[in-house]
Amino acid sequence: MKFASSYEPGEYESDIYGAWEVSDIFAPSTPTVPVDNNGDGKDDRDNKNTYSIVMPPPNANGNLHIGHGLTIALEDSLTRYYRLKGKSTWYIPGADHAGFETWVVYERNLEKQGHTRFEYDRNELYARVWDFVAEQRGNMELQLRALGASCSWNDLTFTLDENVIDRVYTTFEKMWNDGMIYRGEKLVNFCPKHQTAFADIEVEHKDEKGTLWDIAYTYDGGEIIVSTTRPETLFGDAAVAVNPEDKRYKDLIGKTVHLPLANKEIPIIADEHADPEYGTGAVKITPAHDFDDFEVGERHNLERIKVIAENGTMINVPEKYYGLTTAECRKQVLKDLKAADLFRGEKQLVHSVAHCYKCGTVLEPMLKEQWFVDVEKLASVAIKHLEKNEIKFHPANKQKVLINYLKNLKDWNISRQIPWGIAIPMFRRVTDAATDEPDWIFDRRTHLKEIEVAGVKYVRDEDTFDTWFSSSHWPIVCTNWTEDNFNPYYPLNVMETGADILFAWVARMIMMGLYVTGEVPFKEVYLHGLVLDAHGQKMSKSKGNVINPMDLVAKYGSDAFRLGILRGRSAGMNQAFSEQSVISGRNLCNKLWNISRLVQSIVDESSMEFENTFIEGGSEPGKARSSAETPVADHRRSRAKNELVRSSETTPSGRLLSTGVSDAPQEESISNSYSTDNMGEDWICREINDCLKQVEVSMKNYRFAEAVEVLYQTIWDKYADWFLESQKIFKNTGLLKQTLETILIALHPFAPFVTEAIWQNLSWTDGFIATAKWPNKLKFDPISAAEFESLISVVSEVRGTLQALPGTNNAKKYSLLYGNDSLVEDNLLLIRTLTKVPAINSLDGQPRGLRLALANHELYLDVPEKVVTEYKDALTEKILSVGRELDALNARMANPNYVEKAPEHLVKETKDQIKEKESLISRLKSQLELI
RNA sequence: GGAUCCAUAGCUCAGUUGGCUAGAGCGUACGAUUCACAUUCGUAAGGUCGCAGGUUCGAGCCCUGCUGGAUCCACCA
């Protein structure tokens, strides 16, 4: 026997993944480049049979975290499911240059070695980081393999690949020509440490305690007190604003005040921005260092005086303060204000402060020349398509949320001051050149510092693109969409990613997809929430509750991790995750392994019996059915494994059906490679069919947890606990093989490794399960299936009663007696096996012992009167509780509104239930009288 | 301030157009054990579905209000 007694994932997983990869089964079967066989200039590819999904690219030089683990579990389950369903699946892997993240790591390394970025020019830095990333690369990709991601590795896209840069430049050029790109001096959130600006979305606002200082700005005959949290910026003040409705200051509007500590007069202006309720109602206006003030400055045409340099030190201030850091300057200013008797008090407050999401440094609003995208057109087109429901969202409410966001979108700052990224392809005319030439020109030659066009010299802009500008092209570049290659894989079937980047990424992909291709980039969006720790806390290094997915994979196996993380998870929700759910997954894998081991041993045994009976020329009547299947299986056993690799392209299935029905037409939806000969067999077929149906519905609706749950229950509670237990008596090998294959394939999308390991170990299967065909429904006799359900309730009642009776080991002590009951009579052996009672005898004479009343069969436990008497209380309680249920039902029927208004079938159901309860009570009562 | 979501067994979660006698896993309790699996098998206990109203023959589900929690956006001189 090839099967060890337990499944050890570590022994199989890497070999299996290697075999899949070597056989190239993850590449899509429908080509991804244009095909024109008949020369009509139209693409011949079939777009009905494709399924495409792209991977949100993990950081190329990082390690996967738990969120990636969830991402892969979700995306790969979809991919594998649709592959089994016969689609040409294209799961496109990616790697992210992770502009800022990687830059931070690299710059830290530089600093450790005693260098700074300012020692090198951009090209040199880019080359150095490239090498740095190249060294690290591969780790992340190995981890994707360990998670079982069935992606098409030949199509891996790196976010700095040439075709990506090309596409980004093409879009940028188009936008430039369309007048959507402009250079603006605007306030940006600037990290003094990283020396770069951030998009609004990258800024982390934190509530912090701060101080609000009151400062007197004097004028002839008085003073006006302003409140500020940033006294050091007062040198950049261009005005003091009061609300036009504020009577206190009405007369002061238009006058000037003396700016403290500076030899300067500034005007008092009227602006809505000043809130009469807040502080003194007068506010200092610093257009160069505050977002609101910037807008006030624009309205009143105020001077923008920059007093903080990009390195965070003071400039354009009196010499005394020049070169101080903002914190030092604040101290000094406050001291000097007090000395000058202009300080009027302070109070504590909580306000939100912008921080660098990476290093935590307080961001400085900084006046900078940056490239901006005018988003008005992009957003309105996106909104139009979203409102037409061209994209289906999971969870559905995110559609509204996204539209709401797009309606309020501000222009998009796409400049970043880090070398590790895609260079902005813009060049500035050097000042001494002819004046009628444009200031800026677009040019792709960003590797050159200086270019000459029409005799005019231009120098390049040193900035790079915001990562989201390029990654918004992700579905376009991954599918190799071009203007000439309308592509059956674009739009993607689904975009799966984290709910937290709905705005940053999903919104921009939609806008960019529409702008570039005219089509939405994906048909559906599935957003997953955060993976929280077992107690619902966010995972963080500082809390020390971070779970590394690779540790769990090493400990319990990849399948266990996937099953564990999908359990109890629904779209868009932040949900807890614990090792326990992974352990459950591991247990299921082991269960399935042992199920297969048992089935294989029965098949082996039966084939030996067949050989014997064949030689003897006779057969046991009970075995005839199963033996009929055996030659086929036996014949195929001699085939070498994996001969059918690549079969997915020639035949839809990598496996052969048990009786050669593989030649049957595709529309054949009922499998008939076996016969069922007893109730448990029909029943399991019915249950498996239901299970398949539920998995299909769940997958269609992205309810992964439900799909896993129903498989778990079907495999464990139904297949193993009832069907296989009964097969220890019946041994229908044809059916065993058929049903095992079915549940293996159905579980494969979620647990790819163990199902493949089993598939490779079974004697009668061929090819890879990964390229098998999604199972057909199984044929069965519904009446017989329902009878088995009844038998289950009989067995359950026997077990329950035996447990409830006083004493231990009751199952060994007491026999069963049956009266005139065909269900029991026909299944004596089965009932005995399942209940483990020593014997089941026909009742001769008067009923005795304990009547099993719930299941409504004439069945008695042969127990002494003394034991029955002790059971009396339980019986009385049971009668009372059924009585209460009956009362509730009767009350419902007594309500004329119910009888009139409720649907007929419900009323009938209630009537039936009443009859049933009444009969149960009478049975219970007769039992009680018997005692 | 705006938006969205959540509250169901000790814990983590299901519960899809209202029909429920509210489910699962884990945990707990009790029992089993050579015969595929102790990563096992069986049995059981455990819930006025956050609170208060409303609609309905009927509400965990729909409506209103409240309480508690989460996330995002905006703003905070």
Side-chain angles (χ1 to χ4, degrees), chain A residues 1 3 5-7 200-201 205 207 210 212-213 226-230 241 273-275 278-286 290-293 349-353 395 397-398 400-401 404-405 408 499-500 502-503 529-530 532 534-536 538 556 560 567-570 572-578 580-581 583-584 586-602 697 701 703 705-706 709 712-713 717 720-721 724-725 728 796 799-804 808-812 835-836 881 884-885 888-889 892 895-903 905-906 909-910 913:
Chain A
M1 170 152 345
F3 283 104
S5 69
S6 69
Y7 173 60
D200 293 346
I201 200 126
H205 288 273
D207 278 346
L212 192 63
W213 288 281
V226 302
S227 304
T228 180
T229 53
R230 305 210 54 192
H273 168 65
D275 176 2
Y278 194 96
T280 59
V283 55
K284 68 197 240 353
I285 301 299
T286 322
D290 183 280
F291 288 95
D292 289 326
D293 294 3
L349 85 169
V350 174
H351 61 154
S352 107
V353 180
N397 69 302
K398 296 293 180 188
K400 264 200 314 193
V401 175
N404 191 41
Y405 168 78
N408 300 308
D500 53 334
L502 174 66
F503 299 150
L530 291 177
L532 307 175
H535 303 289
K538 223 174 186 171
Y556 302 109
R567 268 196 134 178
R569 205 159 290 281
S570 50
M573 299 270 294
N574 299 342
Q575 281 160 319
F577 169 72
S578 72
Q580 186 52 55
S581 62
I583 293 173
S584 293
R586 187 269 316 258
N587 294 355
L588 178 66
C589 293
N590 189 62
K591 188 74 184 177
L592 192 63
W593 181 262
N594 274 290
I595 285 169
S596 307
R597 193 152 83 106
L598 176 62
V599 171
Q600 181 67 61
S601 75
I602 294 173
V697 171
N701 296 306
R703 294 167 170 267
E706 284 177 26
E709 202 61 43
Y712 193 101
Q713 274 168 25
D717 301 346
D721 290 350
L724 280 188
E725 287 306 316
K728 285 177 178 169
S796 297
R799 286 172 175 169
T801 312
L802 285 168
Q803 285 281 340
T808 61
N809 257 330
N810 289 330
K812 281 185 171 171
T835 57
K836 297 192 175 122
S881 99
R884 285 191 292 271
E885 286 165 19
L889 291 169
R892 195 180 294 171
N895 180 347
N897 283 324
Y898 176 70
V899 183
E900 267 170 47
K901 292 185 184 172
H905 74 272
L906 281 171
E909 196 179 289
T910 309
Q913 282 172 351

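Sequence lines set the chain letters: A, B, ... in the order given, protein chains first and strands last, and positions in each chain run from 1.
No hydrogens or angles were tested; on distance alone, a donor-acceptor pair under 3.5 Å links the side chain of Arg703(A) to the base of U16(B).
Residue-level contact check: Pro896(A) touches neither bases nor backbone, having no heavy atom under 4.0 Å from any strand. No engagement by Ser596(A) is indicated, since no non-hydrogen atom pair under 4.0 Å with the nucleic acid exists. When heavy atoms are screened at a 4.0 angstrom cut-off, Ala499(A) is found touching no nucleic acid atom at all. Looking at heavy-atom distances under 4.0 Å, Lys812(A) makes contact with sugar-phosphate atoms alone, never a base. Note on Ala902(A): a base of the nucleic acid sits closer than 4.0 angstrom, heavy atoms only. Across all strands, Asp293(A) comes closer than 4.0 Å to no nucleic acid atom at all (heavy-atom distances). Residue contacts shown for Glu909(A) are absent, as no nucleic acid heavy atom lies under 4.0 Å away. Residue-level contact check: Ile583(A) touches neither bases nor backbone, having no heavy atom under 4.0 Å from any strand. Using a 4.0 Å heavy-atom criterion, one finds that Glu885(A) contacts the bases of the nucleic acid, with or without backbone contacts as well. When heavy atoms are screened at a 4.0 angstrom cut-off, Thr808(A) is found touching the sugar-phosphate backbone but no base atom.
Between U21(B), A24(B), C57(B), one nucleotide has an atom nearer to the side chain of Gln913(A) than all others, and that is U21(B). Closest to the Ser584(A) side chain, of the nucleotides C5(B), G19(B), G25(B), is G25(B). When distances run from any side-chain atom of Gln580(A) to the nucleotides A36(B), C57(B), C26(B), the shortest one goes to C26(B).
Between the OH atom of Tyr278(A) and the C1' atom of G1(B) there is a distance of 15 Å, rounded to whole Å. Taking atom CE on Met573(A) and atom P on C6(B), their separation rounds to 6 Å, with Å as the unit. If you measure from atom NZ of Lys901(A) to atom C1' of G58(B), you get 11 Å, rounded to the nearest angstrom. For the pair Leu349(A) CG and C75(B) C1', the computed distance is 13 Å after rounding to whole Å. The CG-C1' distance, from Leu532(A) to C13(B), rounds to 13 Å in whole Å. Look at CD on Glu706(A): it is 8 Å from C1' on G15(B), rounded to the nearest Å. Straight-line distance from the NZ atom of Lys538(A) to the P atom of G69(B): 17 Å, rounded to whole Å. Atom pair Leu724(A):CG and C37(B):C1' shows a separation of 11 Å (rounding to whole Å applied).
Rounding to the nearest 0.5 Å gives a distance of 6.5 Å between CD1 of Ile602(A) and CG of Leu724(A). To the nearest 0.5 Å, atom CD of residue Glu709(A) and atom CZ of residue Arg703(A) are 13.5 Å apart. Put simply, NE2 on His351(A) and CG on Leu212(A) are 9.0 Å apart, with the number rounded to the nearest 0.5 Å. To the nearest 0.5 angstrom, Leu530(A) atom CG is 11.5 Å from Met573(A) atom CE. In this structure, OG1 in Thr910(A) is found 9.5 Å from NE2 in His905(A), a value given to the nearest 0.5 Å. The structure places CD of Glu900(A) at 9.0 Å from CG of Asn895(A), a figure rounded to the nearest 0.5 Å.
A pairwise comparison of heavy atoms in Cys589(A) and Tyr7(A) identifies CB-CD2, 4.0 Å as the closest pair. In terms of heavy-atom proximity, Ala560(A) sits nearest to Arg586(A) at CB-N, 3.4 Å. Across every non-hydrogen atom of Asp293(A) and Lys284(A), the tightest pair is OD2-O, 3.3 Å. The two residues Ala720(A) and Ile595(A) make their nearest non-hydrogen contact at CB-CD1, 3.9 Å.
With both ends at atom P, the span from G18(B) to C61(B) equals 11 Å, rounded to whole Å. Separating the P atom of C63(B) from that of A70(B) is a span of 24 Å, rounded to the nearest Å. Nucleotides G65(B) and U21(B) place their P atoms 30 Å apart, quoted to the nearest Å. Atom name C1', nucleotides C11(B) and A32(B): the rounded distance is 28 Å, in whole Å. Going from the P atom of C6(B) to that of U17(B) covers 15 Å, rounded to whole Å. Comparing the same atom, P, in A52(B) and in A59(B) gives a spacing of 15 Å after rounding to whole Å. Distance check on atom C1': U8(B) versus A3(B) gives 26 Å, rounded to whole Å. Taking the C1' atoms as reference points, C62(B) lies 25 Å from G2(B), given to the whole Å.
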With pairs defined as Watson-Crick or G-U wobble and both distances under 3.5 angstrom, please note down RNA chain B as a dot-bracket string, | for pairing with another strand. (((((((..((((.....[...)))).(((((.......))))).....(((((..]....))))))))))))....

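Using a 30° and 60° split on the angle between ring planes, Phe503(A) and Tyr405(A) fall in the parallel class, below 30°.
Taking side-chain N and O atoms only, Arg567(A) has no distance below 4.0 Å to OP1 or OP2 of A14(B). Contact check, Gln575(A) against A14(B): a side-chain N or O comes under 4.0 Å of OP1 or OP2.
Comparing His905(A) and Arg230(A) by the nucleotide of RNA chain B that holds the closest heavy atom to each, the one mapping nearer the 5' end is His905(A). Along RNA chain B, the nucleotide nearest Leu598(A) and the nucleotide nearest Arg892(A) are compared for position; the residue whose nucleotide lies closer to the 5' end is Arg892(A).
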Detail all sub-3.5 Å separations between protein N/O atoms and N/O atoms belonging to nucleotides 39-45 of chain B.
from: U39(B); atom 1: O4'; to: Asn587(A); atom 2: OD1; distance (Å): 3.4
from: U39(B); atom 1: O2'; to: Asn590(A); atom 2: ND2; distance (Å): 2.8
from: U39(B); atom 1: O2; to: Arg586(A); atom 2: NE; distance (Å): 3.4
from: U40(B); atom 1: O3'; to: Lys591(A); atom 2: NZ; distance (Å): 3.3
from: C41(B); atom 1: OP1; to: Lys591(A); atom 2: NZ; distance (Å): 3.0
from: C41(B); atom 1: OP1; to: Trp716(A); atom 2: NE1; distance (Å): 2.3
from: G42(B); atom 1: OP1; to: Asp721(A); atom 2: OD2; distance (Å): 3.2
from: G42(B); atom 1: N2; to: Gln803(A); atom 2: OE1; distance (Å): 3.2
from: G42(B); atom 1: N2; to: Gln803(A); atom 2: NE2; distance (Å): 3.3

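Residues Glu706(A) and Val697(A) have side chains not in contact (no heavy-atom distance under 4.5 Å, counting atoms from C-beta outward).
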